[in-house]
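All ligand and atom numbering here is 1-based and tracks the order in the structure. As the structure is a computational prediction, the values presented were derived from the model and not from experiment.
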Amino acid sequence: MENTINFGIDLGTTNSAIAKFVKGEVIIFSNPQDYGRNTLPSVVSYKKDKITVGNKAKEFLEKDPKSVVGVFKRKMGTAESFKIKSINESRTPIELSSQVLKELKTFVNTGDTLDAVVITIPASFDTIQSNATKEAGLQAGFKQVVLLQEPIAASLAYANMKKEREMKDGDWLVYDLGGGTFDVALIKIKDGEMKVLDHEGDNFLGGADFDNMIVEKLVIPKIIEKYSFSNLEDEMKSASGKFNAKYYVLLRRAEEAKITLSSKTSAEIVVDGFEDEEGNEVDMEIVITRSEFNELIKPNIDGTIDMIKKIITRNSLKPIDVQFTLMVGGSTYIPYVRSRVEEVLQIPANCEIDPTTAVAIGAAFYAATKPKEISKDDSNKKQTSISIKASYNKASKEKEEFFAARITGDITDLSYRILRQDGGFDSGLKKLGDRINEDLPLVDGAYNFFTLTVYDEQNNIVETDIEPIGINSGFGISGQPIPEDICLEVDDYDNPGKTRLKLIFQKNSILPLRSQGISFPLNKGMIKGNDDDFIYINVLEGSHLALPEANKGIGFMEIRGTQIKRDIAKGSDIEITISISESRDITIATYLNMADQEF
Ligand code: ADP
Ligand code: MG
């Protein structure tokens with residue numbers, strides 16, 4: 001069993017992908033159902049006794065759109081669910097996402113058991129959306145789910161491709177325009193550490209909107225120009241409309257035309273297979289030019305550029321301070337997107353990484369630095385006479401990394417040797433004691449692998465349970481920021497009966513976070529054993545300048561009179577510690593001074 005997670009998943013709105021870190025490189029798995037592709041459409045379809053995920057499900061949209069669901073990532077973290085006609089039941093965004101994750105597991109042909117994974121989320125995902133993503137991972141059978149923000153993943157993919165020598169300290173932007181969401185993040189590189197300084201985004205903008213616009217603004221008007229329909233748009237777009245299934249056919253053709261326009265200057269859309277209100281067979285070919293398409297999406301692209309300008313201004317930067325804009329997401333294949341962003345901002349557009357797999361690849365690089373936390377199954381673990389427990393940092397910017405190990409078993413007359421895989425380091429044969437301490441020299445900007453081998457007196461290899469030692473001296477990330485303020489709801493002494501927000505963690509603070517010893521006097525007492533007495537601690541997410549009721553509740557703790565060991569007087573101190581893990585688990589610990597009790 002490997003001791004780092006190694007697997008990374010891009011759980012995308014439109015497409016998902018899975019990658020694995022293997023000895024310094026990342027492999028992206030290909031879709032076994034879709035020859036030559038590395039991605040899986042995030043679409044799920046239901047038949048009476050069959051669930052289909054991916055391209056086959058997408059095709060089913062044109063036959064039975066009410067039994068197919070896509071774009072559910074936009075609803076992550078909401079109470080909404082999707083009604084599915086064929087089974088007459090509903091499915092939540094979490095359940096649908098877990099189907100996609102389970103399907104991605106079938107891509108993996110390396111024989112691994114997938115119990116731990118890094119899953120990416122948009123930088124804009126709040127705590128509830130993040131937790132919903134984690135839940136989808138658990139439902140798909142993963143026992144450990146670590147979350148990573150998509151712009152960091154894309155940046156890691158880029159930095160690991162470039163290697164350190166070619167990287168300059170400075171700032172860059174990650175511009176991610178996918179099928180359903182737009183995200184832009186400002187990244188800072190300093191001494192090989194990568195940090196997200198700020199981000200903006202629109203959860204409701206992407207290539208699917210362009211497909212919609214092509215059908216709505218270019219195709220439908222041309223159909224009704226030539227044929228007689230009183231309400232074609234509604235009959236197509238409404239789920240109960242007469243031509244709803246036809247709408248999905250047109251959407252698919254619009255997407256194909258859009259993709260053609262990325263390499264050609266015009267594309268055709270065939271409209272056929274239905275009759276107008278006078279019984280005429282609809283049969284036409286609509287030509288769309290690249291300039292027509294560019295004009296159509298211009299307002300949206302300019303909207304994304306405005307968000308970038310906001311970020312630049314907010315961080316007191318000038319466009320010249322930004323090295324480049326890293327283009328990610330399938331929609332950045334559109335030439336106009338690249339040229340417009342470059343032209344308006346006067347920052348070079350960087351198209352060096354594959355925009356559809358970069359996020360999964362970066363997630364796998366990150367996964368290689370995250371230890372597995374799942375308790376190892378002893379029955380799977382090799383039983384060897386010599387057991388070695390090693391400890392070292394899996395990521396390091398130092399020239400050497402300190403390696404320590406404890407040995408158990410009969411070590412009489414044994415020796416050991418540590419070798420770096422590239423042959424650049426050899427500890428030589430040394431006598432084995434009950435401890436090993438070595439400084440391991442690292443190759444800068446690369447993954448360093450070492451093997452520790454134990455030998456007997458005749459230099460025969462003695463089997464041990466140690467795994468290869470892997471240390472990443474490439475790009476590390478110094479953190480993922482929170483997208484909104486995290487506050488406590490406290491009594492407002494200036495407005496009796498009202499509450500106000502107390503800022504605990506400010507937007508863009510870097511995870512993990514811990515705020516200890518937030519202390520204030522209680523505004524009421526509690527009698528031991530009295531169930532009517534209680535203290536309610538409410539953690540909210542949103543702007544700290546807003547009213548508490550305008551923010552989202554993300555967690556609470558209630559302490560009742562029945563739980564306390566001693567009466568608590570009004571005005572006595574309560575101490576609260578709040579922490580948030582890198583994967584957004586929130587912990588609240590409360591200490592009641594007067595009762596000397598912790599909750
Ligand atoms: P997401 O991150 O939302 O899952 P992707 O990054 O996979 O999405 O992007 C999917 C979007 O990219 C789709 O709307 C698709 O039509 C669009 N797309 C893919 N290839 C091209 C292309 N060559 N030209 C234009 N758009 C493209
Ligand atoms: Mg994406």
Side-chain angles (χ1 to χ4, degrees), residues 8-19 28 31 34 36-44 53-55 58 70-76 96-97 100-101 104 119-125 133 148-155 157 174-185 199 201-215 248 250-265 267 269 288 290 293-294 296-297 300-301 304 326-340 351 353-363:
I9 288 181
D10 170 7
L11 183 59
T13 314
T14 323
N15 294 300
S16 298
I18 181 165
I28 178 119
N31 184 342
D34 193 0
R37 269 182 215 266
N38 297 319
T39 52
L40 172 76
S42 310
V43 180
V44 186
V53 184
N55 246 325
K58 211 172 151 184
V71 215
F72 36 84
K73 184 174 172 180
R74 282 181 175 170
K75 301 286 179 201
M76 277 306 247
L96 294 159
S97 301
V100 172
L101 293 171
L104 285 173
I119 301 179
T120 58
I121 50 168
S124 58
F125 260 24
T133 305
L148 176 69
Q149 292 173 341
E150 287 161 13
I152 305 185
S155 297
V174 176
Y175 180 101
D176 184 349
L177 188 59
T181 44
F182 168 68
D183 260 301
V184 56
H199 67 88
D202 184 346
N203 243 344
F204 292 88
L205 173 67
D209 300 293
F210 306 156
D211 307 340
N212 262 307
M213 279 155 50
I214 290 176
V215 175
Y248 289 100
L250 289 184
L251 274 181
R252 176 171 55 80
R253 292 182 185 167
E255 183 181 11
E256 284 164 4
K258 174 187 75 176
I259 291 173
T260 302
L261 288 174
S262 288
S263 54
K264 298 209 164 69
T265 50
I269 295 176
I288 295 170
R290 191 187 268 183
F293 175 66
N294 293 352
L296 191 69
I297 63 170
N300 288 310
I301 306 309
T304 64
L326 187 63
M327 304 304 260
V328 189
S331 297
T332 62
Y333 277 122
I334 301 171
Y336 181 71
V337 173
R338 299 175 169 190
S339 59
R340 183 80 186 156
C351 305
I353 48 174
D354 177 343
T356 56
T357 54
V359 170
I361 289 173

Next item on the list: Could you tell me which atoms of ligand 1, counted from 1 in the order shown, lie closer than 4.0 angstrom to a heavy atom of A208?
Entry: 14 (O)
Next item on the list: Mark up the atoms of ligand 1 that fall under 4.0 Å of a heavy atom belonging to G180, in ascending order.
Entry: 3 (O)
Next item on the list: Kindly confirm or rule out an N or O of Y333 lying under 3.5 angstrom from an N or O of ligand 1.
Entry: no
Check: Are any of the side-chain heavy atoms of S16 and D10 separated by less than 4.5 Å?
Finding: no
Note to self: Less than 4.0 Å is my threshold; does some heavy atom of S331 fall inside it relative to ligand 1?
What the structure shows: yes
Checklist line | Residues in ring-ring contact (aromatic ring centres under 6.0 Å, His included) contact with F182, at least two apart in sequence or another chain | finding: Y175
Check: So which heavy atom in the protein is nearest atom 2 (O) of ligand 1, and how far is it from that ligand atom?
Finding: G178 CA, 3.9 Å
Check: Which protein non-hydrogen atom lies closest to atom 6 (O) of ligand 1, naming both residue and atom, and how far is it?
Finding: G330 N, 2.8 Å
Check: Short list, please: which atoms of ligand 1 are under 4.0 Å from a heavy atom of G329?
Finding: 6 (O)
Check: Can you find a heavy atom in the side chain of L101 that is under 4.5 Å from one in the side chain of I119?
Finding: yes
Next item on the list: With atom 13 (C) of ligand 1 as the reference point, say which of E256, E150, E255, R74 has the nearest heavy atom.
Entry: E255
Check: Between K258 and ligand 1, does any nitrogen or oxygen pair lie at a separation below 3.5 Å?
Finding: yes
Check: What residue and heavy atom of the protein are closest to atom 25 (C) of ligand 1, and at what distance?
Finding: S262 OG, 3.3 Å
Checklist line | Proximal ligand 1 atoms for G207, defined as those under 4.0 Å from one of its heavy atoms | finding: 14 (O)
Check: Has R37 got more than 12 heavy atoms of other residues, nucleotides or ligands less than 6.0 Å from its CZ?
Finding: no
Notebook entry, point to check: What are the atoms of ligand 1, with element, lying closer than 4.0 Å to any heavy atom of G12?
Noted result: 4 (O)
Next item on the list: Report the member of T357, T14, L40 with the shortest heavy-atom distance to atom 4 (O) of ligand 1.
Entry: T14
Note to self: If you measure every N or O of G179 against every N or O of ligand 1, does any of those distances drop under 3.5 Å?
What the structure shows: yes
Note to self: Counting non-hydrogen protein atoms only, what is the nearest one to atom 7 (O) of ligand 1? Give residue, atom name and distance.
What the structure shows: N15 ND2, 2.8 Å
